[in-house]
Amino acid sequence: MDLNSILKTKFGFDRFREGQEAVIRSLLGGADTLAMLPTGTGKSLCYQLPAYLLKGSVIVVSPLLSLMQDQTEQMKMRGEKSVIALNSFLTGTERETALRHLQRYKFIFISPEMLHQPYILSRIKQLEIGLFVVDEAHCISQWGYDFRPEYLSLGEVRKSLGMPLTLALTATATEQVREDICKYLELRAPQRFIYSVNRPNIAFKVDCTGSYREKEEKLIAYAKTLKKPGIIYFSSKKAAEEMAERLRLEGIAETAAYHSGVDQEQRILIQQQFIYGQIGIICATSAFGMGINKADIRFVIHFHFPLQMESYLQEIGRAGRDGLPSIAILLYTAGDELLPLQLIESELPTHSQIAAFSGWKGDVKDAEFALGCTEQQYSFLQHYKKLQLPEEEWTLKVASIRDERMAYKRRKLKEMEHWVRSEACRRQEILRYFGEPAFSEKENCCDICGFDVGLYEEKQAVQRVAETLPAWDFLLQKIFRRSEQNG
DNA sequence: CGACCTTAGTTTAGACTAAGGTCGGTGCCCTAAT
């Protein structure tokens, strides 16, 4: 079969990017496949193309509603109409209609949570499934253990669907995370295609400051001098808001804050304005980034301390997809690691909460409130309820799982600290962490090896010309047409 | 760690400060009554 002609006719490309063809051939050969491809190399093509050569539908498990909407929209623009996002954006009747005619759709996007609804799953079971895809598969390991436990049960879903051919896609995963992915998806002898996480055009800098105030001043100076656009990451919504306001006061007008507290419509607007160059700096929490397709991001600054190397790499990996010089700066003040430590502590239930949950006699729905659990702690307890052990045994077992998980998270944080404090080349240390061979190029590498700061600074104030920009009100209306109909 | 809130103490009535405690980040899903 001629893959190149399908590539040309269906997608309009003349050639494959690195990794794509190998992954597609592996799938067409019938092998479960794990693909770790660098950001921006067109991962979605890896399942979209083989879809036209395989019998049956393609199920794509996606972590975010906005990501599903983006992808289905893009596919429709390309001319692929038999695609649907099966999620809570659909009204009751729309969903019913879709479920009755599921076999009409070649591509079905769905969240892990929705996939666990017995009614939905029973409908999907009746389909012929050509390919089962898990996009952003590192979420299994990163979120599955506590935040979104349905990610850990995707293997069970696969079983109940008759173990369909499966593709797991990610951009950043250590060997251990890759193992987790294969284990929890229950892949059979998976083919692995692992490409380097190294991004030679991104320089690294760890900037140590003496105090919080000094850190703020340094950040403002960077925001003024560095080439835009850029992202500044915070571990607090409030800090992101305040810094966005502060930067506006400092004369950097095109600045916006983005976090989970900003309402959905506003979030989409900010994201679009950033992509079209109307916003130069985004002050964000970890809510921002997944699925952002913007090639010319010039800097990513971390104001707070990242929880682990993987998430740090994912966040800085959003810079410089166009291959041009870009910089990742981490601002550090002694004691910064205490904040993520606090966050980690609140992720998992305490021993006394575990014991109390185990002996809980009332309505399960009241347990969350009565035990003073966060939603996340509760979902952890809820997930392990299915172990079905006698009360005391359950308490011991779950407490040990919890302790193990806590130790793991602390270890990840320690690794991050080690990287910050290390006096070895930043890039080599990252590659070592991901189990990759050393990289010889030393030019414009990191603050240890040295780089030319001028490469990343704005030469002069750039007057941005108002280009042909989309009409936002129209776009938003289109996206939110439902709420208008209902309201 | 820093920001913010509550509480206790002082002192003689509403308001001040200091001390002590808590919190901080990611997202799916419709539960049921107008």
Side-chain angles (χ1 to χ4, degrees), chain A residues 61-69 85-92 95-96 109-121 135-136 138-154 208-216 233-243 257-264 267 283-292 302-308 310-312 314-315 331-348 363-366 368-369 372 374-379 382-383 409 412-413 417 486:
Chain A
V61 180
S62 173
L64 301 179
L65 297 178
S66 61
L67 210 58
M68 295 182 206
Q69 298 300 108
L86 209 53
N87 59 34
S88 58
F89 282 9
L90 299 177
T91 62
R95 190 165 72 162
E96 265 316 304
F109 288 80
I110 191 166
S111 70
E113 288 84 359
M114 193 69 122
L115 206 45
H116 277 79
Q117 303 281 323
Y119 173 58
I120 306 272
L121 189 59
D135 198 10
E136 308 286 357
H138 58 273
C139 292
I140 292 172
S141 180
Q142 196 169 309
W143 284 351
Y145 289 98
D146 33 55
F147 186 47
R148 293 177 69 178
E150 281 82 358
Y151 259 108
L152 283 197
S153 314
L154 285 176
C208 295
T209 60
S211 70
Y212 193 80
R213 294 270 163 264
E214 190 190 330
K215 186 153 93 167
E216 286 180 322
Y233 277 105
F234 297 83
S235 298
S236 138
K237 300 180 211 174
K238 193 168 238 171
E241 285 284 348
E242 285 170 358
M243 188 50 74
Y258 186 107
H259 53 75
S260 69
V262 176
D263 70 69
Q264 192 69 16
R267 279 168 73 165
C283 294
T285 61
S286 55
F288 185 77
M290 220 188 263
I292 298 292
H302 280 73
F303 186 80
H304 285 136
F305 205 83
L307 285 162
Q308 47 164 304
E310 284 98 312
S311 41
Y312 183 62
Q314 273 153 23
E315 287 166 356
L331 291 164
Y332 177 75
T333 308
D336 274 0
E337 59 280 358
L338 291 171
L339 198 155
L341 199 59
Q342 288 308 116
L343 286 173
I344 288 172
E345 295 287 338
S346 68
E347 283 175 340
L348 295 161
D363 194 331
V364 183
K365 280 178 197 149
D366 299 330
E368 178 176 359
F369 181 72
T374 61
E375 195 180 353
Q376 196 176 151
Q377 291 170 325
Y378 181 73
S379 84
Q382 191 69 34
H383 177 76
K409 287 177 185 235
K412 302 298 269 183
L413 183 60
E417 280 180 61
N486 292 351

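Because the structure is a prediction, the values reported are computed rather than measured. Residue numbers start from 1 in every chain, and the chains themselves are labelled A, B, ... in the order their sequence lines are given, proteins ahead of strands.
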Point to revise | Toward the 5' end of DNA chain B, by each residue's nearest nucleotide, A/S235 or A/E242 | key: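 The residue whose closest nucleotide sits nearer the 5' end is A/E242.
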
Check your understanding: Considering heavy-atom distances to DNA chain B, does A/Q117 or A/G261 have its closest nucleotide positioned more toward the 5' end?
Key ->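 Its nucleotide being nearer the 5' end, the pick is A/G261.
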
Review point. Any donor-acceptor pair under 3.5 Å linking the side chain of A/S379 with the backbone of A/D146?
Key: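 Yes, A/S379 side chain to A/D146 backbone: donor-acceptor pair under 3.5 Å.
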
Identify whether any heavy atom of [X] sits under 4.0 Å from a base atom; if not, whether one sits that close to sugar-phosphate; answer base, sugar-phosphate or nothing.
X      : answer
A/E150 : nothing
A/P63  : sugar-phosphate
A/H116 : nothing

Review point. Between A/F147 and B/dT26, do the rings stack, that is, sit under 5.5 Å apart with planes less than 30° off each other?
Key: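 A/F147 vs B/dT26: stacking yes.
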
When the [atom1] atoms of [N] and [M] are considered, how many whole Å apart are they?
N      : M      : atom1 : answer
B/dT11 : B/dA18 : C1'   : 16 Å
B/dC30 : B/dT34 : C1'   : 16 Å
B/dC29 : B/dG25 : P     : 23 Å
B/dT31 : B/dG27 : P     : 22 Å

Review point. Distance only, no hydrogens: is a donor on one side chain within 3.5 Å (strictly under) of an acceptor on the other, for A/E315 and A/H302?
Key: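 Indeed, the side chains of A/E315 and A/H302 share at least one donor-acceptor pair under 3.5 Å.
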
With the side chain of [X] defined as its heavy atoms from C-beta on, choose the nearest nucleotide among [options].
X      : options                : value
A/Y212 : B/dG25, B/dA3, B/dC29  : B/dA3
A/E113 : B/dC30, B/dT26, B/dG27 : B/dG27
A/K238 : B/dG27, B/dT26, B/dC4  : B/dC4

If we only count heavy atoms from C-beta on, is the [X] to [Y] side-chain gap below 4.5 Å?
X      : Y      : value
A/E310 : A/S141 : no
A/P149 : A/Q382 : no
A/K412 : A/I344 : no

Please determine if a side-chain N or O atom of [X] lies less than 4.0 Å away from the OP1 or OP2 oxygen of [N].
X      : N      : value
A/S111 : B/dC29 : yes
A/T285 : B/dT26 : yes
A/R95  : B/dC30 : yes
A/S260 : B/dT26 : yes
A/R267 : B/dG27 : yes

Between [X] ([atom1]) and [N] ([atom2]), how many Å, whole number?
X      : N      : atom1 : atom2 : value
A/Y233 : B/dT26 : OH    : P     : 11 Å
A/L307 : B/dT26 : CG    : C1'   : 9 Å
A/Q382 : B/dC28 : CD    : P     : 20 Å
A/L348 : B/dG25 : CG    : P     : 18 Å
A/L338 : B/dG21 : CG    : P     : 18 Å
A/Q342 : B/dC1  : CD    : C1'   : 9 Å
A/M290 : B/dG25 : CE    : C1'   : 13 Å
A/L339 : B/dT22 : CG    : C1'   : 13 Å

Check your understanding: If pairing requires Watson-Crick or G-U wobble contacts with both distances under 3.5 Å, which nucleotide is the partner of B/dG21?
Key ->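 Base partner found: B/dC4.
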
Exercise for review: Scan every strand shown for a Watson-Crick or G-U wobble partner of B/dA32, both distances under 3.5 Å, and answer none if you come up empty.
Suggested key: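 For B/dA32, the partner nucleotide comes out as none, under the 3.5 Å rule.
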
Point to revise | Side-chain donor/acceptor of A/Q142 to base of B/dT26, under 3.5 Å | key: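 Side chain to base: no pair below 3.5 Å.
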
Point to revise | Parallel, tilted or perpendicular, as decided by the 30° and 60° cut-offs, for the rings of A/F234 and A/F303 | key: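 Plane angle between 30° and 60°, so tilted.
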
Review point. For A/G144 and A/Y151, which heavy atoms make the closest approach, and how far apart are they?
Key: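 Shortest heavy-atom contact: CA-CB, 3.8 Å.
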
